[in-house]
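Everything below concerns the one structure shown next.
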Amino acid sequence: MDKPLIDVKDLRIRFESAHGSHEAVRGISFTIGREKVGIVGESGSGKSLTGRSLLKLTPKGAKISATHMRFRDIDLLEASERKMRTIRGNHISMILQDPKYSLNPLMRIGNQIVEAYRLHHRVQPAEAKTRALAMLEAVHIRDPERVFHLFPHEVSGGMGQRIMIAMMLIPEPDLIIADEPTSALDVTVRRQVLTILDELVSRRGTGLMFISHDLNLVASFCDRVLVMYAGRIMEDLPAGDLHKARHPYTQALLESLPRLDHPVEELKVPVRDAAWLNGPVYRNGVLA
Amino acid sequence: MADIVHSVPRSDAGDVVKPNPLVVALKIAGRTLLPVFVTLFGLAALTFFIGRMLPIDPVASILGDNATQEAYEKMSRALGMDKPLWYQFGVYVKGILSLDFGQALTTGKPVVEDIARVFPATIELATLAIIIGTGLGIPAGVVAAMYRGSWIDQAIRFTGLIGYSAPNFWLGLMGLVLFYATFGWIGGPGRIDFIYEFDIEPITGFYLIDTVVQGKWEVFRNVFGHIILPASILGFGALAYISRMTRSFMIEQLGQEYIVTARVKGLSWGRTVWVHAFRNVAVQVVTVVALSYAFLLEGAVLTETVFAWPGFGRYLTNALLVGDMNAVVGCSLLVGIIFVSLNLFCDLLYRVFDPRTR
Amino acid sequence: MTDKAMTSPNVPSSGLLAWLQAPVPTSPFHARMQQLWQKAWRLRSNVPALFGICVILAILTAALLAPLLATHDIYEQNLAMRLLAPSAEHWLGTDELGRDVYSRLIYGARITLYIALLTTVIVAPIGLLVGTTAGYLGGWVDTVLMRIVDVFLAFPNLILALAFVAALGPGIQNAIIAISLASWPPIARLARAETLTIRKSDYIAAVRLQGASSLRIIFGHIMPMCIPSVVVRVTLNMAAIILTAAGLGFLGLGAQPPSPEWGTMLSSGREFVMTSWWIAAIPGSAILLTSLAFNLFGDGLRDILDPRHG
Amino acid sequence: MSDVSRFLIEAVGLSVSFGSQTARTRVVDDVSFHIRKGEAYGLIGESGCGKSTILRALSGLNGEYDGAFLLRDRELPKKRDKDFFRRVQMVFQDPYGSLHPRKIVERVLAEPLAIHGFDRHSERIAETLDAVGLGPSFRYRYPHELSGGQRQRVAIARALIIEPEILLLDEPTSALDVSVQAEILNLLKRLRLERDLTYLMVSHDLAVVAHICERAGVMHQGQIIEELSAQQIRQSQAREDYTRKFLQASIEAVARRTEVEA
Amino acid sequence: ATPDSALVVAWNIDAISTFDPAQVGEVVTNELIQNTCDSLVDFDPKDESKVAPLLAKSWDVSEDREQITFHLNGNLKFPDGSPATARELAWSMQRVVLLGYGNASTLTEYGFSKDNVKDRIVASDDSTLVLKLDNPYPTNLILQAIGANRVSALLDMKTLVSKEINGDMGNKYLATNTACVGPYRLVQWNAAESIVLQANDEYYGEKPKLKRVLIRHVAEPGTQRLLLTQGDVDIARDLSPDDLADLDGKPGLKIERVLKPQLFFWTFNAADPIFKNDKVRLAMRYLIDYDGLAKSVMTYLGVPRASFAQLGAVGALDAEEGQPFKLDLEKARALLAEAGYPNGFEASVLFGTLPHSAPIAQSIQQNASKVGVKLNLERMANAQLFSRIRGREFQTGMLAWQTGVPDAHGNASRLVYNPDNRPEAKLTQIPAWRSAYQNEEFNKRIQQALLEGDPDKRNQIYYALQKDVMEQGPMAIMFQMYNILGMSDKVKNWTWNGFRVYYDVVSK
Ligand SMILES: Nc1ncnc2c1ncn2[C@@H]1O[C@H](COP(=O)(O)OP(=O)(O)OP(=O)(O)O)[C@@H](O)[C@H]1O
Ligand SMILES: Nc1ncnc2c1ncn2[C@@H]1O[C@H](COP(=O)(O)OP(=O)(O)OP(=O)(O)O)[C@@H](O)[C@H]1O
Ligand SMILES: [Mg+2]
Ligand SMILES: [Mg+2]
């Protein structure tokens, strides 16, 4: 892992509201190489915003600032909309949470995939279709030819999620941002989806930014974990070192999930400490 | 104006008896057609009873101000007004069923014939108007939604509102003063210049079509010169409504997740809007357009007056003002049928174009 | 919660502001006021809506203070001074009977707003009631109500209106009823569509599971959700209402001469369009401005009230 | 176990179908189960297997089912009466959708009190809020001013305020993040003990069900294919192939981490 | 631009519903009938109170004035070329009585009835028609009423009989056709759109100068004005007074006007407790600003007139004597006080959609308010106004009345004469009855004037009657209206009087 794909320093995202201006992301720095990086944290901690800011697709009112925010050598902050279009999909793409809402309801699934491919590759429709079918097969869809012609409402959640993955992977991007790609799925399907994602990413050497609130899941799946709380990265450590996590929040997150193999009378709940807001953060188990 | 709204048909799961295909087909037909008939019947009944309630005495308006009482009573009998109400209603319903609305008092011709004459003029005008209104209104609405809050949005909204709230007759007369009297760019009021009036053999009643069919391009130009201004003014009004509704539908769609997906793919904003979002509002927009169209057919009275357009709106209003109930009834039913069938048409569109309802 | 803590509120400049911005409301009233405050705050940056509000307020003020603002007696005729162009004496000229157009316009705001607003106040609840009831209860109630709506929608408005003169006699109130009668069906359809989505929501299921009656659900839970879009919709109709009122005027419905209702002023100005343009243009512009203001305000309302558009 | 009645709630031969005559599908197929007083019973199974449908049928939201529900051995009428709602309350999956967006917490809680004619509104509201761990400061807030976990607490408070005997829980935590889920699960566990409640809980998360319930029915394609105790779930002691696969999938993720940790 | 061989007219022709001379009563159709169906005798273009030959080239009156014998032109032909004779004329005139539409009263008033009409209107040979009267009416009056009127149109009996439906004597056919002897014939009529008259090649008299008369329906005065100024019509018939004022004197245009026998009045319901009082009705007359209105709203529309006999009619008071009133609030107040209303009262005024009604009504309302009389104005559709007035369901109302004869008797017999004032008499065609007004003495004087042989004596009776009626009558007559139009100066020889427009002499 020589040069990181993404290098972000001191990213801040601000919103204006009735209660004055409000910072949702407060000065975070991280890098992502050709690896699987998990971002965890409770709802509202700024995970999605961080992910979207890399594509410059944050909501209208959001004001982004950073010391730098680079994709390879391109400064994303400076990049024009035209430049961003060549980056989106082609170099960085994003799997959205809920296939039910994230696919265009009136467009056949195949066409949506083909569109994603042809945007960045000048090929004949027929060829694009072949590619799309191959991609559908790659995400373990049993009857690609049939599914190609379905509408989004005609596929199940698990299938939808796989289709999203196929669609986002087909242009062969360098980095994929997956925003809670499995939280709407039940355990069986979730496992399949993760396996596929893992396969594809490791085969191609794509970077993956995996957003979730389930620390246990992320830990088992990713190489590195960033723990976010209230717009800050509290902890940044390799997944393998999770047991060395220093921040009480991280520790509590680990304990908060009920486990089959480890019954407890009462689950541990992170007791949020106001001091965390501006308190110390940890990198690789040491104070940063 | 109204929003036609479509519910996804609710499933009334009843008995689990094995369905007979014939019964099912009948049921589906019943479910779509029965409401149509009920609506039409309701419309007919309402028209009739309201017609009898009107303060206008049709007999007096036929016979004129100085008719004798004897003549008055004779005419009253001739119109069947001395019979009990239910009997009159029966006669009336029977007439409707055989598409016979009787004679129009104002013209002395059968109402059906009158409508056949005035309606094409209005359809021609309204169709051109709706083409103008749609052709400009939809893009305007989409663009306004795309640049929501910007000056473009405000400009579109403002322009639209002028079309919506400026009185038609004023716009019409000013348009005439400007384009007809001052610049001489267009033909004046009326459907055609008198010189050409006898050059058209009525085939469809739509002058634009008739002239094309007959290859009379000179006449076509004259006809077009006459229709373009009133159509633009009506279209302007329709534009306002269509663009507003389009804007609001589009804004709703643009807030959806799949728009983000499209952009993540690297699609340009314009293409996202036009290809992805617009497709999802198309049917709703068609509904709005259809409804505007229906209203144009019914209610362009003032424009028709200013442009001396021998159309349906004026015919209906005039009939109403002189208490010509036969004509009023015929027209009302026609309007009702148009409304109901446009409703039905939009319903079908939903079924056909929205795969979720199939 | 976390985001509250992260907020850096503007330094409250007064007790009231502090109260409005307090993180925790202390009473229902307080909560409501805070809501209002937040909405007002969001409106702040909505220039068109603010413009709309200002214009509406200006018109309302003009209507209220008409006796102070008017420069002439609105009924005083002077046949020698008819059809004068705007001048220092008559700011907006005089009409066909030599009355001062400016003063009539100011007084006319009263009647015009009265018609427009009262119609709205009648139409909105009826449309709401019918739409929500049909949408919520569904089944044959829905079928019957929507057929009625269809019939009224398809019925030429002028005929309805005339029938009303017959039944009730002339007058502004009856004009208002007649216009209302023609304008409630679209509202009902809108409310029904809204209801169809709302009735599927969990919070409606939740009240049902508490044993709430249909009546309670419709009035207490569904209607409040439909109100914003209905209100917005109704503000869009203002111009149409004013123009319809004018149209009915000549059938003896609505404002009768010499009342300075804008629509009536407009239609009597029709005769003079070619010779004294201002007679029609002035009330026409007033209607346009009012309608524009209500529209801008309505759009602003939608942006504020309707989370889906926010 | 009560003397009067063996079971508090019993479902007998329950079937539910959807769709028009032409395309009718049976979503719940001849399901029977029973719950004792004070027990927590879980329904698990993958998405779309019919769990929520059973709950909706029991709660009376969907009156079109075949078979019967018995409450204390008495069959429930298809159209539930007020008394039923007094005794059985439900908490929905999605805390974002189950609170009326324009009503402050107090009004949300006051409504069931009014419907069922309770007295001491103000005190009861304060007590219940307290019981679900929300302070008085939440009383006058709108839902959008609350986090997901807080909303779910309000929803639970709404269900509890009329002191029902039975709570129907439809994936009460699946929309919440894990830390909040923990809070809610703790709360539910505590309340059951404190108030002697009976739970029927639906979830696709085995760990959650095992944490809360003593017993669970495993559903597959509209049928309960087997019933397991919490203990059996934890130890993957399943009879059916399907259940085993299902249990396997849930455990695997965790196992991998343990592997990494080790 | 308009063709040289045709006269193009913009006119509001909404009201046309039939071309049956027995039925029409409305202004536009009346004018068209007069140009498509010649009558027995004609109004003299220059002096409408005189009669001139038309179908009849001459006529004899019996000694006792009870029989008139008309000698018809010999070469009368219908447009299809078939000969037209006195027999068809007799049939046509009998038909009017037998059908019993509004125009029947023109004949029934002079003693013709369904029972006797076949004996009293007879063709003694193909070119001679004999009218037998029941009383010695003034011959001029009879010629105006019967001869120069729609009722003596010569209809194509054969065609009509062949088109007869349910014994309607061709009434239905005539709803959309004409079938008479006249300078023009109707070749096309699209209701509320256009009318085309074509010169009748078989016409016995001098052939019309212009081949065609095209009438285009244009309801909006502003539109008419534009068409006229752009030269797309030759004549605009419904210009608004202000447009007329504006156009008057513009190069290339001219304004033509002529007084028509139409009176615009304010009628009071004498059955109303307030308005049954003569003094009250008189007081109302002093609230009308005749002068002010004449100089503003009514310029180009009409002239002040308070007498029921229109200017130009036989027996009419002259302009000055026929309009003695002026706005006089003091006088009105005094009269009201005498009548027992020192503080005024409240009443309603109904009026229709005539454009000048509203300003006049408002002007009066304003003046009335100064003497404590509160008038509530109610505008309504004309048809509704007529229903209300005919049903005596009103307090006061404003409307117009047009007579068919240039003789004081025309209006006296309607606006004053009321033979039976009972509600159940339903003499709804008589405005005096509608006003619930009956004055036996006036009735007698009218009867007496009708049969008075000496023109001077007859005039004297009318003069006196007019003066009395102006004081007491049930309606405050306000204006006599103009026929007025704007015309391109290309049009030559436009000829008209109050009763008749002569298309056939117009040239370009
Ligand atoms: N359009 C917006 N306007 C104002 N604030 C916003 C907006 N979008 C997001 N925020 C705020 O930004 C913060 C972070 O949001 P974000 O969506 O990144 O959270 P998240 O970590 O993805 O949470 P979740 O797990 O619920 O998806 C939240 O506190 C939210 O309130
Ligand atoms: N109103 C309805 N009309 C038609 N089909 C329905 C309806 N409600 C549910 N279904 C179908 O019934 C099946 C079971 O639905 P249900 O909601 O009970 O599943 P579930 O087990 O709760 O799944 P999840 O875990 O996703 O909530 C699904 O296939 C669903 O598509
Ligand atoms: Mg997120
Ligand atoms: Mg479910």
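In what follows, chains carry the letters A, B, and so on, assigned in the order in which the sequence lines appear, proteins first and then strands, with residues in each chain numbered from 1.
From E111(D), atom CD reaches atom CD1 of I217(C) across 8.5 Å, with rounding to the nearest 0.5 Å. To the nearest 0.5 Å, atom CD of residue E106(D) and atom OG of residue S27(C) are 9.0 Å apart. Taking OH of Y203(C) as the reference point, atom CZ of R102(D) lies at 8.0 Å (rounded to 0.5 Å). Expressed to the nearest 0.5 Å, how far CG of L209(C) lies from CZ of R158(D) amounts to 9.0 Å. Going from atom NE2 of H30(C) over to atom CD1 of I104(D) covers 11.5 Å, rounded to the nearest 0.5 Å. Here the straight-line distance linking atom CD1 of I204(C) with atom CG of L61(D) works out to 11.5 Å at 0.5 Å rounding.
A pairwise comparison of heavy atoms in R208(C) and G60(D) identifies NH2-O, 4.3 Å as the closest pair. Contact detail for F85(D) and G211(C): the closest heavy-atom pair is CD1-CA, 3.4 Å. Of all the heavy atoms in D202(C) and G97(D), the pair that sits closest is CB-O, 3.5 Å. Of all heavy-atom pairs between P112(D) and Q210(C), the closest is CD-OE1, 3.7 Å. Taking every heavy atom of both residues into account, R216(C) and A114(D) meet most closely at NH2-CB, 3.5 Å. Annotation for A206(C) and S98(D): closest pair CB-O, 4.2 Å, computed over non-hydrogen atoms.
Open room surrounds CZ on F297(C); 12 or fewer heavy atoms of other groups in view lie less than 6.0 Å from it. Heavy atoms from other residues, nucleotides or ligands lying under 6.0 Å from CZ of R120(D) number more than 12.
Contacts with chain C were tallied for H100(D), K82(D), R80(D); H100(D) has the most, counting heavy-atom pairs under 4.5 Å. Interface summary for chain C: among K103(D), R107(D), R56(D), R139(D), the most heavy-atom pairs under 4.5 angstrom belong to K103(D).
For R86(D), no part lies under 4.5 angstrom from a heavy atom of chain C.
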